[in-house]
Amino acid sequence: MIHSKNEPASRNEHRPTRGKRYAGYFLSLISNFSYLFVLATVFVVRPELGNGVASGKYFWFYLSMGLIAVILVIDHWGRKQAVRIKPIDVMILLYGTSALSVSYFLHSSEAVTKHILLILVILLYFYFRLFLSASKSNGRLPVLFFLVTGLVEAFWGLRQLYGLEHSQHHLFRLTGSFFNPGPYACYLSVVMPAAFGYLLRDRGCTKVRFKLRYWPVYLRWGTALLTCVGIVLVLPAAMSRASWLAAGGGCAFVAYFYWKHKGFRKLGKIAGYSRWILTVMLALCVLGGIGMYRLKKDSADGRALTWKIALQTAIHHPFGVGIGYFSGSYGHEQAAYFASGKGTEQEQHVAGNPEYGFNEYLQIAVEQGVIPLTLFLGIMIYNVYAGIRRRRIAATASLVALLIAATASYPFSVLPFLTVTAFLSARIHSETSDRKKRSESDSKFSLFQTCKFPYSLILPGIFLLIVAGCLYNRYPTYPAYRQWGRSKALYHAGAYGSGVEAYAPLYPLLADQLDFLFEYAQCLSKSGRYAESNAVLEKAVKIRCDPMLYNVMGRNCQSLRRYAEAEACFLKAAHIVPVRIYPWYLLANLYVETGEMEKARATARIVLTKEPKVQSTAVREMREKMKEITRD
């Protein structure tokens, strides 16, 4: 067809060709699934790797981030766009910069894995926000898949309860895809409020005539229903009080919002009895709190002691101790506390050697210091505020549940929770709300004022370079984890000489993994290489406050005839967890070897009189040996 100069060209000339359309659909599909791969990190378990429950998730996450980084560059090739820079973006960048700077420059932290994960999770937030803001439809699949993760985990847990599936820890029957029931239950409690929110939001689909075009709503409502039922069935069996409080708090947030803003108008008659209802609910909360405390009293007292010591550690280190060094610093503080004689009998009974602070805010204060903690709290408060203002109730409720769980557990120390936090934060701040409402909100609330940043391949290119650098750093660790998984058989079989040969090349790559350090140090110690073993244990005690590390160090020093150092190690182990007998037993034997019989008898009496948490054959044998010392 021929057009005159004044005649407009056909619209078809401006439409993309069929090949370009198909290429666009395919790229959009791959882009959607790449974000689902990140959320699927929670399912990954790789038994063939060393510490495969955690490390398997790490490498899946690395692969997913690489895929997202490449797809974003391809998707925005040649585009001329602008991205809205929000205050939350600046706050997140400031938090990441301050946390990494404090850890790396002030404390020379060698927790490389945690540093890399922090960088990638911050980038994941920006990736999610760009993706969710590109189109309103982009949020449907990730939200649905987030609910599916809770459903699958609940089904996984039910199979473990009925003995149809093995757990990930030999001491626990119910773990899902996690290492123990604590984080597993917390994950379910984070998904539960979102499922409950969509159950209420989409409830209208059950009251109208079925229409096929609304199938996404039916699918989401059905998935939310199944997820809620599955979590309700399995969550009580996990016996995690933090998860119960988190799930209850998140669901209460949803219920309050829909009662207050979305209707339930027919319940107006109940409003007259609101005071009585609130009184009854308050009484139930008090009784429930007392019941949960008495359910596992020693555990609750142990958490209180952990928070007390962690707070003291944070006060003594206002600029933090470095990412990954919480437990080691905590051990020094707890040992000094009990050595001073301040600990009560109950505190000595419930004291442990925690790997985590069981309160993420205290742990952030200990590891990163006051400034990163203030920024982190500001980010979370701002997220909740923005979620309420933007009516992102399901995402905000899950974030509220996560923040509640963080007061008594350690969700931010487990990778799947970090990916979920990035997703929920991006979901809250994504630009898919109504433009008119958003502009009104922006004009009224200065917190939502934004600026534009020139955007074509600048940001995707920068992100790709950062991700590539992180993956380049982590790539050599994958064969190291595989080799570690194979070499564990040598350690457990007692082939310590061969174990040293297998572990030595892995040491530079896995020096921030406590289990690896302990196994390598044991192999060195059993092979008679005591000084090298202590050099490895020096790194291990920075990461963890396990008394067994000091026991091995003390035995190494004793073998090297460095008796003063051995005595200090045994005393440190004894004071970290005073209820344990073994460090006192080793100390008594040390005094016998050095000829200090008065000290040996006094220490032997401690072994004979101290009541252990668990009676065992080993305890009886140690006491029999101590009786011989007291008779001499």
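Residue numbers start at 1 and run along the sequence shown. Please read these numbers as outputs of a predicted model, since none were measured by experiment.
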Classify the angle between the aromatic ring planes of Phe463 and Phe126 as parallel (below 30°), tilted (30 to 60°) or perpendicular (above 60°).
tilted
Are the side chain of Thr407 and the backbone of Ile404 linked by a donor-acceptor contact shorter than 3.5 Å?
yes
Is it the case that over 12 heavy atoms from other parts of the model lie below 6.0 angstrom from the CG atom of Leu464?
yes
Would you check if there is a donor-acceptor pair between the side chains of Arg392 and Ser430 at a distance under 3.5 Å?
yes
Answer yes or no: is there a side-chain heavy-atom contact under 4.5 Å between Phe172 and Met239?
no
Check: Phe145 ring centroid to Phe423 ring centroid under 6.0 Å:
no
Stepwise, does the side chain to side chain contact (heavy atoms under 4.5 Å, CB included) test hold for Leu100 with Ile119?
CA-CA 9 Å; Leu100 291 171; Ile119 294 171; 3.6 Å; yes
Can you tell if the side chain of Val384 reaches within under 4.5 Å of the side chain of Ile388, non-hydrogen atoms only?
yes
Does any N or O in the side chain of Lys57 come within less than 3.5 Å of the main-chain N or O of Leu415, such that one atom is a donor and the other an acceptor?
no
Can a donor-acceptor pair be found, under 3.5 Å and without considering hydrogens, that links the side chain of Glu153 to the backbone of Leu188?
no
With no hydrogens and no angle check, is any side-chain donor or acceptor of Thr97 less than 3.5 Å from a backbone partner on Leu94?
no
I'd like to check Phe178 versus Val42 (side-chain heavy atoms, cut-off strictly below 4.5 Å). Are they in contact?
yes
For residues Thr113 and Arg474, determine if any side-chain heavy atom of one lies less than 4.5 Å from a side-chain heavy atom of the other.
yes
Centroid-centroid distance, Tyr35 to Phe128, less than 6.0 Å
yes
Do Asn383 and Thr396 touch side chain to side chain, with heavy atoms closer than 4.5 Å?
no
For the pair Arg46 (side chain) and Gly52 (backbone), establish whether a donor and an acceptor sit closer than 3.5 Å, ignoring hydrogens and angles.
no
State, with a plain yes or no, whether a side-chain heavy atom of Gln368 is found less than 4.5 Å away from one of Leu373.
no
Is the Phe37 ring parallel, tilted or perpendicular to the Trp60 ring (thresholds 30°, 60°)?
perpendicular
Less than 3.5 Å apart, any donor N or O on the side chain of Ser425 or Arg129 sitting next to an acceptor on the other?
no
Over 60° means perpendicular and under 30° means parallel, so classify the ring planes of Tyr62 and Phe59, tilted if in between.
perpendicular
Please check if the side chain of Tyr361 supplies one atom and the backbone of Leu403 the other of a donor-acceptor pair under 3.5 Å.
yes
Do Leu377 and Tyr95 come close enough that some side-chain heavy atom pair is under 4.5 Å?
no
Between Tyr187 and Phe146, what is the ring plane arrangement, given parallel below 30°, perpendicular above 60°, and tilted in between?
perpendicular
Atom CZ of residue position Phe43 - does it have more than 12 heavy atoms of other residues, nucleotides or ligands inside 6.0 Å?
yes
Do the side chain of Thr175 and the main chain of Gln168 share a donor and acceptor less than 3.5 angstrom apart?
yes
May I have the step-by-step check of side chain to side chain donor-acceptor pair (under 3.5 Å) for Tyr184 and Ser240, ending in yes or no?
CA-CA 9 Å; Tyr184 169 68; Ser240 172; over 6 Å; no
Name the orientation class of the two ring planes belonging to His169 and Phe179 (parallel below 30°, tilted from 30 to 60°, perpendicular beyond 60°).
perpendicular
For Phe131 and Asn32, what are the C-alpha separation, side-chain angles and deciding distance, and is it a side chain to side chain contact (heavy atoms under 4.5 Å, CB included)?
CA-CA 9 Å; Phe131 174 73; Asn32 272 272; 3.3 Å; yes
Do Val254 and Arg201 come close enough that some side-chain heavy atom pair is under 4.5 Å?
no
Between Glu360 (side chain only) and Ser413 (backbone N and O only), is there a donor and an acceptor less than 3.5 Å apart?
yes
Answer with yes or no whether the side chains of Tyr198 and Thr223 bring together a donor and an acceptor at under 3.5 Å.
no
